[in-house]
Amino acid sequence: MSSGPRIVVALVAVVVAALAVAAPASAANFTCNHTAVAECGGVIGYVAANATTYGAVRSLFQVSTLAALLGANDLPPSTPAAAPVAAGGVVRVPFPCACSNGTGRSNRTPTYTSKNGDTLDAIARNVFGGFVTYEEIADANQIPNPNVISVGDKLWIPLPCSCDPVGGEAVVHLGYSVPHGSTVEGIAEEFGVDNATLMEINGIADPSKLQAEQILDVPLRACSSSIRSNSLDSNLRLANGSYVLTANGCIFCSCSSSSYQLNCSIAQNKSSSECDVPKCPGNLFLGSTSSSGCNVTTCAYNGYTNATGLNISVNPVTNQTKCSSNAGSLERGLRGSIWRAFLTSIHIALIGICFV
Ligand SMILES: *[C@@H]1O[C@H](CO)[C@@H](O)[C@H](O)[C@H]1NC(C)=O
Ligand SMILES: *[C@@H]1O[C@H](CO)[C@@H](O)[C@H](O)[C@H]1NC(C)=O
Ligand SMILES: *[C@@H]1O[C@H](CO)[C@@H](O)[C@H](O)[C@H]1NC(C)=O
Ligand SMILES: *[C@@H]1O[C@H](CO)[C@@H](O)[C@H](O)[C@H]1NC(C)=O
Ligand SMILES: *[C@@H]1O[C@H](CO)[C@@H](O)[C@H](O)[C@H]1NC(C)=O
Ligand SMILES: *[C@@H]1O[C@H](CO)[C@@H](O)[C@H](O)[C@H]1NC(C)=O
Ligand SMILES: *[C@@H]1O[C@H](CO)[C@@H](O)[C@H](O)[C@H]1NC(C)=O
Ligand SMILES: *[C@@H]1O[C@H](CO)[C@@H](O)[C@H](O)[C@H]1NC(C)=O
Ligand SMILES: *[C@@H]1O[C@H](CO)[C@@H](O)[C@H](O)[C@H]1NC(C)=O
Ligand SMILES: *[C@@H]1O[C@H](CO)[C@@H](O)[C@H](O)[C@H]1NC(C)=O
Ligand SMILES: *[C@@H]1O[C@H](CO)[C@@H](O)[C@H](O)[C@H]1NC(C)=O
Ligand SMILES: *[C@@H]1O[C@H](CO)[C@@H](O)[C@H](O)[C@H]1NC(C)=O
């Protein structure tokens, strides 16, 4: 009668083995069911397995321009394609994201051409850093038997992404591969995300079960902008520490955590004939500010269209908080009135002297 417990032990062992062997069908499911914004910019934090260059990362992921890759990483626009990425270095890779059936995936990009000796699993894990699984590549490319691929097959790699706002705020969803030894709290702190939000959005019930190389959806707060909804770049979202060139490369926009306001100016080394950027009323250039009393007015980027030629628009945005929140200007105002009072008294004194 002692065989009972032994059978249970054997069964448990079988179940545990089955769990360990069964790879998850997908690397991550980023919820993306916001119907208003079905396409946007996705980004992953790609961990380079070997030493590489920004140019090589750009071609692996087919990022539209080198500037787009540099901007996602806040590197100077003059950085050459040959700039090195160390082994283990993290490169933020931007790509077009499309939502369908409640999940976001890269929009039929990047594609990878299989080489001699490749397996789908090696492509998923080693080349694309585990942001997809072999099942997802097989599924996306309608490969009936994942063990059989041919040299030269052009495979679409469906990367996880999302366009959903979080807590009513626009965010940039970063696909993040959990480094060894990190915790949910540590990741939340590093990216300035509430840890409850991070757990909820990733369906993490028990933070102690976080695994290295697990793919997380990290919602980064985006800068707010005044880009209108009918602009061709209405879905432009930038997180702190990144920039983009938009409106056919005519406009340079950056996002900094100092204000979380999109900060746009005319792109350098674009000729004025290529880029007709209007000014705001009062001859204010895009990106510059003027003050009047308590108001600070910034000439902000408002979007572009390209139906009958490039049409870029700007609009003045007024911030009236200068007096209430800026003691410095109040003090300057006060000093100004003291100075005026002083001048007036000199005048009176001079008039007095004339009379004498
Ligand atoms: C994602 O969703 C699919 C299908 O709904 C499921 O099979 C898979 O396990 C999920 N992956 C994760 C990491 O939750
Ligand atoms: C998306 O759909 C899921 C399930 O249908 C739901 O739980 C979730 O709240 C939805 N998210 C948003 C942002 O609408
Ligand atoms: C733009 O400026 C960069 C230096 O910042 C320079 O390398 C590049 O050649 C310039 N491009 C054009 C089109 O003038
Ligand atoms: C969306 O989901 C439905 C039912 O779950 C399925 O029939 C359909 O094929 C899916 N569409 C795509 C594009 O995956
Ligand atoms: C990284 O380098 C190793 C050793 O040279 C090589 O086997 C592997 O294929 C490389 N990985 C990638 C993604 O290039
Ligand atoms: C978030 O992390 C902090 C420690 O960094 C902890 O005190 C707090 O309880 C955590 N919040 C939640 C909701 O888990
Ligand atoms: C914003 O980005 C800069 C540079 O990338 C970084 O030093 C800073 O810590 C970030 N701030 C926040 C709040 O994330
Ligand atoms: C906007 O960006 C420019 C550089 O492109 C910088 O000099 C300026 O201080 C920024 N303004 C704000 C309000 O962040
Ligand atoms: C400040 O802005 C408000 C509206 O934004 C305007 O009504 C007011 O006249 C402005 N004041 C000054 C001193 O420009
Ligand atoms: C904008 O229009 C010009 C011609 O008017 C065209 O050459 C260019 O490719 C268009 N750009 C976009 C992004 O549609
Ligand atoms: C450019 O766009 C603005 C704003 O949509 C519009 O008012 C203006 O008429 C357009 N100009 C041209 C030349 O199409
Ligand atoms: C207005 O100015 C205050 C203080 O300078 C700043 O904190 C706030 O972000 C500004 N708001 C906008 C919309 O620029």
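Atoms within each ligand, like the ligands themselves, are counted from 1 in listed order. Just the heavy atoms: all of them, side chains too, but no hydrogens, waters or symmetry mates, feed the values below.
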Atom pairs and distances, ligand 7 N/O vs protein N/O under 3.5 Å:
{"residue": "ligand 7", "atom": "2 (O)", "partner": "Asn240", "partner atom": "OD1", "Å": "3.2"}
{"residue": "ligand 7", "atom": "2 (O)", "partner": "Asn240", "partner atom": "ND2", "Å": "2.5"}
{"residue": "ligand 7", "atom": "11 (N)", "partner": "Asn240", "partner atom": "ND2", "Å": "2.7"}
{"residue": "ligand 7", "atom": "11 (N)", "partner": "Ser257", "partner atom": "OG", "Å": "3.3"}
{"residue": "ligand 7", "atom": "14 (O)", "partner": "Asn240", "partner atom": "ND2", "Å": "3.0"}

Considering residues, nucleotides and ligands other than Glu169, do more than 12 of their heavy atoms fall under 6.0 Å from its CD?
no
Based purely on interatomic distance, does Ser254 place a nitrogen or oxygen under 3.5 Å from a nitrogen or oxygen of ligand 8?
no
Phe128 meets the ring-ring contact (aromatic ring centres under 6.0 Å, His included) criterion, sequence neighbours left out, with Phe61, Tyr112
Step by step, would you call Asn295 with Thr297 a side chain to side chain donor-acceptor pair (under 3.5 Å)?
CA-CA 6 Å; Asn295 295 346; Thr297 299; 5.7 Å; no
Atom indices of ligand 5 within 4.0 angstrom of Asn126 heavy atoms, with elements
13 (C)
Check whether Tyr46 forms a cation-pi arrangement with Arg92 (NZ or CZ under 6.0 Å from the six-membered ring centre, at most 45° off the ring normal).
no
Are any non-hydrogen side-chain atoms of Leu155 and Thr111 less than 4.5 angstrom apart?
no
When the side chains of residues 197-204 are checked against the rest of the protein, which donor-acceptor pairs come out under 3.5 Å, sequence neighbours left out?
{"residue": "Thr197", "atom": "OG1", "partner": "Asp194", "partner atom": "OD2", "Å": "3.0"}
{"residue": "Asn202", "atom": "OD1", "partner": "Asp217", "partner atom": "N", "Å": "2.7"}
{"residue": "Asn202", "atom": "ND2", "partner": "Leu198", "partner atom": "O", "Å": "2.8"}
{"residue": "Asn202", "atom": "ND2", "partner": "Asp217", "partner atom": "O", "Å": "3.0"}

Partner residues of Lys154 under the salt bridge (charged side-chain N to carboxylate O under 4.0 Å, His left out) criterion, sequence neighbours left out
none
